[in-house]
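Remarks on the structure that follows.
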Amino acid sequence: GRYFGTAVASGRLGDSTYSTILDREFNMITPENEMKWDTTEPSRGSFNFAPADAIVGHASAHGQRMRGHTLVWHSQLPDWVKSLTDATTLRGVMDNHITTEMSHYKGTIYAWDVVNEAFADDGSGRHRGSVFQNVLGDGFIEEAFRTARNTDPSAKLCYNDYNIENWSDAKTQGVYRMVKDFKSRGVPIDCVGFQSHFGTGGPPASFQTTLSSFAALGVDVQLTELDIAQASGNAYATAVQDCLNVTRCTGITVWGIRDSDSWRSGENPLLFDRNGTKKPAYGAVLTTLGGS
Ligand code: 9MR
């Protein structure tokens, strides 16, 4: 009943080992970089959807659904956006970016990471500094979600972040307060993505509590970028079981296919080795999902 997805890099689609595993094992795709602002709007008003279109085309040809990643993020953001200082201008630029990209992909995206990584790592539980935060203030996240809903009312709208898996962390609590506030005021939000980039031990003991606590606010939750240093089978099994134990945990995405495809390849964090062979963690995930 859950989807199982992976991040995909458009440049690897021509690698037959890669695409064979992709189409055999995964029914959800997140573009690893191709839908980010530096690729999609490298200069103001000039949009480039070709790399992401290649992935969407692959997905529709193979019956895979898509997560859109990501519309508003402080990173992989072009300098022309970072240098804006006028609030009216930046608000217009942000809203135009959201409406143009979402409109291009209307009907092809199951869920959008509307805003990515907006909270700080400093233990404050507050938003991080960014051009959006510094010029537009706290309201920029709400503005982005409202614009997204108006553009494509049938796409699920998610907030996505890392290091929000441990329930007692200030960052987790900060995101929780935001979602609770959005729900109480009718700001449109449908889901929260927990990136789940874990160390060797896998998820924190409280991960299921975190997932169920957010779900109780009335949002779906997903593991959106799962990878685990050294990929212990137990750690992967625990992460998957934490999701299965929460009714509103609707799916899991791993952040790449083979270890050699990973952004942290030195830690061998994925389910397939460099040759595309299944690792023990693959079996642990399959068994946890009820397969054999
Ligand atoms: O995996 C992505 C890598 O190829 C890029 O170089 C990097 C640039 O920031 O982004 C990586 O993906 C990130 C994702 O978009 C957001 N969460 C953290 C991921 C790993 O850095």
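Values below: all heavy atoms of this structure, side chains included; hydrogens, waters and symmetry mates excluded. Remember, it's 1-based here, ligands and their atoms both numbered in the order they're listed.
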Interfacing atoms of ligand 1 (cut-off 4.0 Å, heavy-atom, His197): 18 (C), 19 (C)
Phe145 and Phe182 aromatic ring geometry - parallel, tilted or perpendicular at 30°/60° bounds: perpendicular
Short N or O distance, Trp263 and ligand 1, threshold 3.5 Å exclusive: no
Aromatic centroids of Phe49 and His104 separated by under 6.0 Å: yes
Atom 9 (O) of ligand 1: the protein heavy-atom neighbour that sits closest, reported with distance to 0.1 Å: Gln76 OE1, 3.1 Å
Validation row, ring centre Trp167 to ring centre Phe207 under 6.0 Å: no
Distance-only donor-acceptor check, side chains Asn245 and Gln241, under 3.5 Å: yes
Any Asn160 heavy atom less than 4.0 Å to ligand 1: no
Tyr282 side chain to Glu25 side chain, donor-acceptor N/O pair below 3.5 angstrom: yes
Check: Asn33 N/O within less than 3.5 Å of ligand 1 N/O: yes
Geometric N/O contact Trp73 with ligand 1, under 3.5 angstrom: no
Protein residue, atom and distance nearest to atom 12 (O) of ligand 1, heavy-atom basis: Trp255 NE1, 3.3 Å
Sub-6.0 Å ring centroid separation between Phe194 and Phe214: yes
Nearest protein heavy atom with distance in Å, relative to atom 17 (N) of ligand 1: Glu225 OE1, 2.7 Å
Glu117 heavy atom under 4.0 Å from ligand 1: yes
Where ligand 1 meets His69 - atom numbers and elements under 4.0 angstrom, heavy-atom basis: 14 (C), 15 (O), 16 (C)
Nearest non-hydrogen protein atom, atom 1 (O) of ligand 1: Glu32 OE2, 2.4 Å
Heavy atom of the protein closest to atom 11 (C) of ligand 1 (residue, atom name, distance): Lys36 NZ, 3.7 Å
Over 12 non-hydrogen atoms of neighbours within 6.0 angstrom of NZ in Lys156: no
Close-contact set for ligand 1 against Asn116 heavy atoms, below 4.0 Å: 16 (C)
Shortest non-hydrogen contact between Trp255 and Pro31, atoms and distance: CH2-O, 4.4 Å
Trp263 side chain to Asp227 side chain, donor-acceptor N/O pair below 3.5 angstrom: yes
